[in-house]
Amino acid sequence: MDRRTNVKKIMLILLGAMILSFGIFNLNYQNNITEGGVLGVLLLLKNVFNVDLSMASILIDISLFAVGYKFFGKRFLMYSLFATFSFSVFYSIFEGIGPIIPVLESKLLGTILSGLFVGVGVGIIVRAGAAAGGDDALALVISKITSLKIGQVYMISDVVILILSLSYLSAYDIFWSLIAVNISGRLIDLIYNYNNTDKLASV
C-alpha cells in the first residue's frame, strides 16, 4: 500500500471518528437515544454507573479487536486501534466543549439525526478498512464465518443491548432507539457495500 493511500485512509478514519463522536455526545447522550453494540454498552455504562466513556471504549474495543486481528491481520488492527483512539479523543473534546446541539423537542428529528451521524461516521471508518468499535470487528468476523450479513449481525446485537438498556430508558425511548439503529445500520451497509471491491469480509 502506497503512502498516499495510507494517508487517505487515516484522514477518512479521523473524519468518521469526528462525525461519530459528535453524534454520540450531542444527539444520543443528550436525547436519551441509545445505540446497539459497543456504543450501546458504553451508553449503558455511562448512564447506569457513570463510567468514563472514553476509557471504557478503549478497554472494551481492544479486547474485541483481538478477535478481528486473527481474521483480518495487522493492518486492520492498527487502523481500528487508531479509530478507537480517535473516537475517544474527539468525544473528550466535545464533552469538554459541552452540548453544541440543544436537547431537541422533536424526538423524531433527534432519532433521525442520531441515526445519520452514527451511520455515516461508522460507515466511513469501516469503508476505510477499519472498525469503528469492537462490535464492528465482531460483526465482520461473524459475517465472515457464517451466512449472516453484516446488517443482520448488527440487528441481533442491537436488540440485545436495547433490551438491557430498559434498565435506564423507558420503552418509549427504546422504541426511538430501535429506529435510530435501523437508520444507522442501513447507512453503514450502504456506505460499506457501495462500489466496494475490497471488502474486509472477503479477505
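In what follows, residues are counted from 1 in the order of the sequence shown.
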Quiz item: Do the side chains of Met11 and Phe76 join up, straight or via other hydrophobic residues, at under 4.5 Å, putting them in one cluster?
Solution: yes
Practice problem: Calculate, to the nearest 0.5 Å, the distance between atoms CD1 and CG belonging to Ile101 and Leu113 respectively. | Solution: 6.5 Å
Quiz item: Tell me the salt bridge (Lys or Arg N to Asp or Glu O under 4.0 Å) pairs involving residues 82-103, sequence neighbours left out?
Solution: Lys46-Glu95
Exercise. Taking the six-membered ring for Trp and the full ring for Phe, Tyr or His, determine whether the centres of Phe22 and Phe117 are under 6.0 Å apart.
Key: yes
Self-check item: Distance-minimising heavy-atom pair for Gly98 and Asn26
Solution: O-OD1, 4.3 Å
Quiz item: Considering only heavy atoms from C-beta outward, does the side chain of Leu27 approach that of Ile33 to under 4.5 Å?
Solution: no
Exercise. Treat each ILVMFWY residue as a node, draw an edge where side-chain heavy atoms are under 4.5 Å apart, and state whether Ile19 and Leu109 are in one component.
Key: yes
Quiz item: Do Phe71 and Ile145 come close enough that some side-chain heavy atom pair is under 4.5 Å?
Solution: yes
Quiz prompt | Sub-4.5 Å side-chain heavy-atom contact between Ser184 and Val181 | solution = yes
Exercise. Give the minimum heavy-atom separation between Val118 and Asn28, together with the two atoms involved.
Key: CG2-OD1, 3.9 Å
Self-check item: Distance, nearest 0.5 Å, that separates CD1 of Ile10 from CG of Leu15
Solution: 14.0 Å
Self-check item: Working for side chain to side chain contact (heavy atoms under 4.5 Å, CB included), residues Asn6 and Tyr79
Solution: CA-CA 10 Å; Asn6 190 51; Tyr79 280 143; 2.4 Å; yes
Exercise. Quick one: closest heavy-atom pair of Ser86 and Ala17, and the distance?
Key: CB-CB, 3.7 Å
Quiz item: For Phe72 and Lys144, which heavy atoms make the closest approach, and how far apart are they?
Solution: CE2-CD, 3.8 Å
Exercise. Would you mind reporting whether Thr84 and Phe65 have side-chain heavy atoms less than 4.5 Å apart?
Key: yes
Quiz item: Should Leu138 and Leu59 be counted in the same cluster of Ile, Leu, Val, Met, Phe, Trp and Tyr side chains packed under 4.5 Å apart?
Solution: no
Self-check item: Connected via hydrophobic side-chain network under 4.5 Å: Leu178 and Val122
Solution: yes
Practice problem: Working to the nearest 0.5 Å, report the span between OG of Ser177 and CD1 of Ile161. | Solution: 12.0 Å
Exercise. Answer yes or no: are there more than 12 heavy-atom neighbours, outside Phe82 itself, under 6.0 Å from its atom CZ?
Key: yes
Exercise. Find the distance between CG (Leu14) and CD1 (Ile124) and round it off to the nearest 0.5 Å.
Key: 11.5 Å
Self-check item: Closest non-hydrogen atom pair, Thr111 against Ala180
Solution: CG2-N, 3.6 Å
Practice problem: Answer yes or no: is there a side-chain heavy-atom contact under 4.5 Å between Ser165 and Ile174? | Solution: yes
Quiz item: Would Leu108 and Val103 show up in the same hydrophobic cluster when neighbours are defined by side-chain heavy atoms closer than 4.5 Å?
Solution: no
Exercise. Please round to the nearest 0.5 Å and tell me the distance separating atom OG of Ser80 and atom CD1 of Ile125.
Key: 9.0 Å
Quiz item: Side-chain contact, heavy-atom cut-off 4.5 Å: Phe90 with Leu20?
Solution: no
Quiz item: Does Asn31 reach the main-chain N or O of Gly110 with its side chain, forming a donor-acceptor pair under 3.5 Å?
Solution: no
Quiz item: Heavy-atom distance under 4.5 Å between the side chains of Ile191 and Val126, does that happen here?
Solution: no
Practice problem: Locate the shortest heavy-atom distance separating Gly115 from Leu187; write the atom from each residue and the value. | Solution: O-CD1, 3.8 Å
Quiz item: Does Lys107 have any salt bridge (Lys or Arg N to Asp or Glu O under 4.0 Å) partners at least two apart in sequence or in another chain, and if so, which?
Solution: Asp173
Self-check item: Nearest-0.5 Å distance that lies between atom CZ in Phe175 and atom CG in Leu162
Solution: 12.5 Å
Quiz item: Mind checking whether Tyr29 and Phe25 have parallel, tilted or perpendicular rings, split at 30° and 60°?
Solution: parallel
